[in-house]
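Everything on this sheet refers to the single structure shown next.
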Amino acid sequence: MNASTGGHGPAGELSDWYAAHGRDLPWRRAGTDAWRILLSEVMLQQTPVARVLPVWERWARRWPAPSDMASATAGEVLREWGSLGYPRRALRLHECAGILAREHDDTVPGDVETLLRLPGIGAYTARAIACFAYGQRVPVVDINVRRVVARTVHGRGDPGPPSTRRDLEDVAELLPAGDADASRFSAALMEFGALTCTARAPACGTCPLTECRWRALGFPAYEGPKRTTQKFEGTDRQARGRLMAVLRAAQGPVARERLDVAWTRDPAQRDRALGTLLTDGLIEQTPSGEFALPGEH
DNA sequence: AATTCGGGGAC
DNA sequence: GTCCCAGAATT
């Protein structure tokens, strides 16, 4: 046991746990380049690993470099995105690929400040790329990390609303000294939150940590603002998703009437949804008034 | 700081 | 039905 493979203290305990229980995810394998890691991080925004896996495999094969994706149409990218959700992510990724190809020599920048200026790359993703693709010692804070820190350090069952400043400071204090150790620690922290210290039913019975403030306090229940759960069934949001699914499946442009929806039979909702999709650039209208994925007519 | 942006699977 | 998921952008 030594500093790099584990040892005592939270970082060591998690590192040992990660060595034994970490999943063999393809974007974690040695040799995976920064561009493919970027792809995985964007896909994983609010989307579970299991759903990302098959799509990532196809993307990594089809668009091996940013310039490859940049030369595809936005519509093609949206098709490959499939039903991962939040399709604007795919649009931003396409835009990001163009910027990387034109302004960054077809490579992914390694510094957080530059990454943060790219479309679709925010506080989490920029640091995840710097950490996992370039081995830098930067705090990487996703929902898993926030939850693990809330419990083990602050003794709360739930992290509550995010505060980027506070969250980054919290995790920065925990990082081991060296780049490699810090990078590994962040991966372990995220994996631990995803597999053991989970939101719904944490497996405290098999927890590898010697000390946990939440456990020490007797697992106090979360007290704080309730998260507002928004409806989906029957909403315009669902309608937009269904329209995108129809257009992804279509070979070419589709007339407005053919987008009539058996699931609502509400032309007003259909047109509202189409309007939003047009505004967001997720679809385009042909001169004859039909609808299509961008660049596919 | 609060809202909005999909979709599917677990419970 | 509710909750959750490697968040970002906008207001």
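Letters A, B, ... are given to chains in the order of the sequence lines, protein chains preceding strands, and every chain is numbered from 1.
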- Message: Using a heavy-atom cut-off of 4.0 Å across all strands, would you classify A:Ala199 as base, sugar-phosphate, or nothing?
- Response: sugar-phosphate

- Rounded to the nearest Å, what distance is computed from the CZ atom of residue A:Arg23 to the C1' atom of nucleotide C:dC5? 11 Å

- Qualifying residues under salt bridge (charged side-chain N to carboxylate O under 4.0 Å, His left out), relative to A:Arg258, sequence neighbours excluded: none

- Using a strict cut-off of less than 4.0 Å between a Lys/Arg side-chain nitrogen and an Asp/Glu carboxylate oxygen, indicate whether A:Glu169 and A:Arg165 qualify as a salt bridge. yes

- Task: Taking ring pair (Phe, Tyr, Trp, His ring centres under 6.0 Å) as the test, write out the residues that go with A:Phe192, two or more places apart.
- Result: A:Trp17

- Message: Return the OG1 to CZ distance between A:Thr73 and A:Arg79, rounded to the nearest 0.5 Å.
- Response: 8.0 Å

- Rounded to the nearest Å, what distance is computed from the CG atom of residue A:Leu195 to the C1' atom of nucleotide C:dA6? 12 Å

- Sequence neighbours excluded, the answer for salt bridge (charged side-chain N to carboxylate O under 4.0 Å, His left out) partners of A:Asp24 is A:Arg29

- Message: Would you measure the distance from the P atom in C:dA6 across to the matching atom in B:dT4 and give it in whole Å?
- Response: 24 Å

- Mind checking what makes salt bridge (charged side-chain N to carboxylate O under 4.0 Å, His left out) contact with A:Glu284, not counting sequence neighbours? none

- Expressed as a whole number of Å, how far does the P atom of B:dG6 sit from that of C:dT11? 16 Å

- Item | Hydrophobic cluster identity match, A:Val108 and A:Val140, side-chain contacts under 4.5 Å | no

- Quick one: list whatever passes salt bridge (charged side-chain N to carboxylate O under 4.0 Å, His left out) with A:Arg23, sequence neighbours left out. A:Glu191

- Query: Whole-Å distance between C:dA6 P and A:Leu25 CG?
  - Reply: 11 Å

- Message: Using a 4.0 Å heavy-atom cut-off to protein, can you give one letter per nucleotide of nucleotides 2-11 of chain B, 5' to 3': B if the base is in contact, S if only the sugar-phosphate is, - if neither?
- Response: --BBBBS-BS

- Message: Taking any heavy-atom pair under 4.0 Å as a contact, classify A:Ser163: base, sugar-phosphate, or nothing.
- Response: nothing

Atom pairs, protein N/O to nucleotides 9-11 of chain C N/O, distance under 3.5 Å:
| unit_1 | atom_1 | unit_2 | atom_2 | d |
| --- | --- | --- | --- | --- |
| C:dA9 | OP1 | A:Gly120 | N | 2.6 |

Side-chain atoms of residues 44-51 of chain A: list all donor-acceptor pairs with protein atoms under 3.5 Å, sequence neighbours left out, distances to 0.1 Å.
| unit_1 | atom_1 | unit_2 | atom_2 | d |
| --- | --- | --- | --- | --- |
| A:Gln45 | NE2 | A:Gly120 | O | 3.2 |
| A:Gln45 | NE2 | A:Thr125 | OG1 | 2.9 |
| A:Thr47 | OG1 | A:Met43 | O | 3.4 |
| A:Thr47 | OG1 | A:Gln45 | O | 3.3 |
| A:Thr47 | OG1 | A:Arg89 | NH1 | 3.2 |
| A:Thr47 | OG1 | A:Arg89 | NH2 | 2.9 |
| A:Arg51 | NH2 | A:Ser83 | O | 2.7 |

- Query: CD1 of A:Ile143 versus P of C:dG7: gap in Å, rounded?
  - Reply: 7 Å

- With A:Trp59 via ring pair (Phe, Tyr, Trp, His ring centres under 6.0 Å) - residues at least two apart: A:Trp63, A:Trp81

- Considering only heavy atoms, which members of residues 28-38 of chain A lie under 4.0 Å from some atom of DNA chain C? A:Arg28

- In whole angstrom, what separates A:Arg147's CZ from C:dA6's P? 7 Å

- Message: Taking any heavy-atom pair under 4.0 Å as a contact, classify A:Trp81: base, sugar-phosphate, or nothing.
- Response: nothing

If you look only at distance, which donor and acceptor atoms sit under 3.5 Å apart when one is on a side chain in residues 94-103 of chain A and the other is two or more places apart or in another chain?
| unit_1 | atom_1 | unit_2 | atom_2 | d |
| --- | --- | --- | --- | --- |
| A:His94 | NE2 | A:Ala72 | O | 2.8 |
| A:Arg102 | NH1 | A:Gly98 | O | 3.4 |

- Residue closer to the 5' end of DNA chain C, A:Thr229 versus A:Glu41 (nearest nucleotide): A:Thr229

- Please report, rounded to the nearest Å, how far the P atom of C:dG7 is from the CG atom of A:Asn144. 7 Å

- What integer distance in Å separates A:Leu44:CG from C:dC5:P? 13 Å

- Note on the structure: A:Arg127 atom CZ is separated from C:dG7 atom P, nearest whole Å, by 15 Å

- Query: Quick one: side chain to side chain donor-acceptor pair (under 3.5 Å) partners of A:Asp236, sequence neighbours excluded?
  - Reply: A:Gln269, A:Arg272

